[in-house]
Amino acid sequence: MPTLRRLLCACLILLAAAAAAEPILIHYPRAESIDDERGEYGLALLQLALAKTGGQYRVELSPTRMQQNRALVELQSGSGRIDIIGTMTSAEREAALLPVRIPMTRGLIGWRIGLVRADHKDLLRDVRTVEDLKRFSTAQGHDWPDLEILRHSGLKVHPVAVYSGLFGMLNAGRIDWAPRSANEIWAEAARHPELAIDSHIVLRYPTADYFFVNRNNPALAEAVRMGLEAALADGSFEQLFYLHYGRLLRNARLDQRLVIQLPNPLLSPQTPLARKELWFSLDDLKRYP
């Protein structure tokens with residue numbers, strides 16, 4: 001009996017020590033420009049997921065701003081500057097890094113609305129097919145999977161070196177339009193009053209943005225996965241999604257636009273397309289009028 005009591009005491013001491021231990025600090029990349037709001041939702045979702053798993057991890061933004069490609073390189077190198085990133089997936093990225101295959105924005109990143117110059121706001125009014133879109137030039141980040149997705153469908157797409165360059169090219173008339181995700185375009189248009197949001201079409205291709213970690217850090221990936229699953233189960237994932245994007249989706253009027261479907265040659269066969277609860281659909285708009 002004394003031996004059993006000693007074992008129980010030792011276990012209690014270890015549990016107390018674990019509970020009192022400082023959470024593991026992890027770094028999430030800071031946006032590449034001061035007016036870039038794209039990372040705010042990802043950070044909030046990551047904090048939600050980690051809170052669901054007992055506070056073993058604590059997340060902070062990286063000390064310096066960095067472009068997406070640099071953040072991916074840092075993550076893959078295991079330098080410790082970046083421990084986790086939220087970004088669009090591709091088969092290549094899933095091979096190099098460890099993905100948490102739960103779409104952060106429920107696939108909304110694959111719903112693309114056109115950003116055009118304000119004096120050409122009806123540029124896409126008569127577009128009905130992909131063939132129609134081939135008349136117009138566009139641009140995407142040189143390291144974004146969207147570049148290859150759009151080119152695969154025969155669209156004329158120029159690469160841009162930095163995110164902010166996309167808007168300068170559009171305003172200068174070097175490209176005709178820029179397809180931006182339905183969750184990003186509103187803040188971008190507000191920052192660039194010389195540009196306007198097309199009201200006629202929406203591109204839609206199957207894709208997801210995932211949290212990615214270094215392949216040598218499966219414990220972090222599992223913690224995030226468990227936290228996201230818990231948030232899905234108790235409804236807090238959906239609440240956060242509609243807190244950030246509900247009003248924007250209503251303004252986008254996606255159900256009143258012509259939907260042009262594009263294939264995604266970069267999509268991994270392991271994409272959880274069969275889990276319908278993970279993906280945004282037009283039917284969701286009926287539940288959030």
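Just so it is clear, the structure is predicted and the values come from calculations on it, not from any experiment. The chain is numbered in sequence order, starting from 1.
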If you round to the nearest 0.5 Å, how far is [atom2] of [Y] from [atom1] of [X]?
X	Y	atom1	atom2	result
L243	L240	CG	CG	6.0 Å
D83	I24	CG	CD1	10.0 Å
N183	H244	CG	NE2	11.0 Å
R70	R81	CZ	CZ	7.0 Å

So which atom in [X] and which in [Y] form the shortest heavy-atom distance, rounded to 0.1 Å?
X	Y	value
H158	I175	CD2-CG2, 3.7 Å
Q68	W144	OE1-CD1, 3.9 Å
D146	M88	OD2-CE, 2.9 Å
G107	P103	N-CB, 3.8 Å

Taken in chain and number order and not counting sequence neighbours, the residues that satisfy ring pair (Phe, Tyr, Trp, His ring centres under 6.0 Å) with H142 are none
Residues at least two apart in sequence or cross-chain that pass ring pair (Phe, Tyr, Trp, His ring centres under 6.0 Å) with F167, listed by chain then number, are Y163, H192
Give me each pair satisfying ring-ring contact (aromatic ring centres under 6.0 Å, His included) with a member in [range], each pair once, sequence neighbours excluded.
range	answer
residues 89-127	W111-F280
residues 202-228	none
residues 63-109	none
residues 48-102	none

Donor on one side chain, acceptor on other, [X] and [Y], under 3.5 Å:
X	Y	result
R93	T87	yes
T105	D209	yes
Q239	S236	no

Only counting residues at least two apart or in another chain, list the ones meeting side chain to side chain donor-acceptor pair (under 3.5 Å) with R257. none
Please answer whether the main-chain N or O of [Y] pairs with a side-chain N or O of [X] as donor and acceptor at a distance below 3.5 Å.
X	Y	value
R174	N171	no
N214	L75	yes
D143	N69	yes
S153	L155	no

Should the pair [X]-[Y] be classified as a salt bridge under the 4.0 Å nitrogen-to-oxygen rule?
X	Y	result
R117	D176	no
E94	R101	yes
R180	E188	yes
R30	E74	no

Looking at residues at least two apart in the chain, or sitting in another chain, which of them share a side-chain contact (heavy atoms from CB on, under 4.5 Å) with [X]?
X	result
R151	L147, E148, V157, P159
P23	R58
M226	T53, E222
N264	I149, P206, T207, L266, L267

Only distances under 3.5 Å count here; give the side-chain donor-acceptor pairs of residues 195-204 to other protein atoms, sequence neighbours excluded, each with its distance to 0.1 Å.
residue	atom	partner	partner atom	Å
D198	OD1	H200	N	3.4
D198	OD2	H200	N	3.1
D198	OD2	I201	N	3.0
H200	NE2	D122	OD1	3.0

Test D132 against D126 for side chain to side chain contact (heavy atoms under 4.5 Å, CB included), laying out the working first. CA-CA 8 Å; D132 294 334; D126 298 324; over 6 Å; no
In the structure I gave you, are the side-chain heavy atoms of [X] and [Y] within less than 4.5 Å of one another anywhere?
X	Y	answer
L249	F241	yes
S62	I82	yes
L97	Q76	yes

